[in-house]
Amino acid sequence: MQSGAKTLSAGGGASLCCLLLLWLIYSHLLREGQLAVGTCEIVMLNRDSSVPRRTIARQTARCACRRGQIAGTTRARPACVEARIVRSRQWCEMAPCLEGEVCSLLFNRSGWTCTRGSGRIKTVTVMYKT
């Protein structure tokens, strides 16, 4: 009976040691400045309200996406989306607008608009950084 308890205790200790080692490796890989896979962060946000009733905002985001994904927008926040959405410029497929807003493609597919029932319209155009 005692040997079984020692074996169980040794196995539990080995498992705990492996988990601790994996956590140390993971935390080492996620140093400051690195993003976890599948996440995004806003790097720069500029707003210009010099024109009455109009605000122009420019946002730059940095994403660490999985294979087959690319930086996009979901619910008005940077997110990783399927690359085919961006390649085909079917922007509304990534659900870029907030709840209660309607998404429409711009006529040249350079972006989209989000329209609220109150008449407020947000227009988003996509700029690629090369």
Student: Testing the basics here: between M94 and T74, what is the closest heavy-atom pair and its distance to 0.1 Å?
Tutor: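 That would be O-OG1, 3.2 Å.
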Student: Does V124 reach the side chain of T73, with side-chain heavy atoms less than 4.5 Å apart?
Tutor: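 Answer no - side chains too far apart.
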Student: Is there a disulfide between C114 and C97 in this structure (defined here as SG atoms under 2.5 Å apart)?
Tutor: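 Looking at C97 and C114, their sulfur gamma atoms lie closer than 2.5 Å, so the answer is yes.
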Student: Quick check: is I121 connected to L98 through a chain of hydrophobic side chains (ILVMFWY, heavy atoms under 4.5 Å apart)?
Tutor: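 Hydrophobic grouping puts L98 apart from I121.
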Student: Using a 3.5 Å distance criterion without hydrogens, assess whether the side chain of E93 forms a donor-acceptor pair with backbone atoms of Q90.
Tutor: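 Checking the backbone N and O of Q90 against the side chain of E93, no donor-acceptor pair under 3.5 Å is found.
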Student: Is there a chain of hydrophobic side chains (I, L, V, M, F, W, Y, each step under 4.5 Å between heavy atoms) that links L105 to V126?
Tutor: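 As far as the 4.5 Å side-chain criterion goes, V126 and L105 are connected within one cluster.
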Student: Taking side chain as C-beta onward, heavy atoms only, is N46 less than 4.5 Å from Q59?
Tutor: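 No. Closest side-chain heavy atoms not under 4.5 Å.
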Student: Is the closest side-chain heavy-atom distance between E99 and E101 below 4.5 Å?
Tutor: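 A side-chain contact under 4.5 Å is absent here.
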Student: So, taking the atom named CZ in R66 and the one named OG1 in T39, what distance separates them when rounded to the nearest 0.5 Å?
Tutor: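 If we round to the nearest 0.5 Å, R66:CZ and T39:OG1 are 9.0 Å apart.
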Student: Should W91 and L106 be counted in the same cluster of Ile, Leu, Val, Met, Phe, Trp and Tyr side chains packed under 4.5 Å apart?
Tutor: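 Looking at the clustering, L106 is in a separate group from W91.
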Student: Measuring from C40:SG to I42:CD1, what's the distance to the nearest 0.5 Å?
Tutor: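 So the gap between those two atoms works out to 9.5 Å.
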Student: Can a donor-acceptor pair be found, under 3.5 Å and without considering hydrogens, that links the side chain of T123 to the backbone of T113?
Tutor: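 Absent.
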Student: In a single word, yes or no, tell whether C63 and C80 have an SG-SG distance below 2.5 angstrom.
Tutor: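 Between C80 and C63 there is no disulfide, given that their SG atoms are not under 2.5 Å apart.
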Student: Give the minimum heavy-atom separation between C65 and I70, together with the two atoms involved.
Tutor: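 Closest approach of C65 to I70: SG-C, 3.7 Å.
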Student: Evaluate whether atom CZ of R77 has more than 12 neighbouring non-hydrogen atoms of other residues, nucleotides or ligands under 6.0 angstrom away.
Tutor: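 No - once you tally the heavy atoms of other residues, nucleotides and ligands closer than 6.0 Å, there are 12 at most.
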Student: Between A76 and K122, which heavy-atom pair has the shortest distance, and what is it?
Tutor: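 That would be CB-NZ, 4.5 Å.
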Student: How long is the span from the SG atom in C103 to the CH2 atom in W112, to the nearest 0.5 Å?
Tutor: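 With rounding to 0.5 Å, SG (C103) is 7.5 Å from CH2 (W112).
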Student: Which pair of heavy atoms, one from R84 and one from S88, lies closest together, and at what distance?
Tutor: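 Of all heavy-atom pairs spanning R84 and S88, the closest is O-OG, 2.8 Å.
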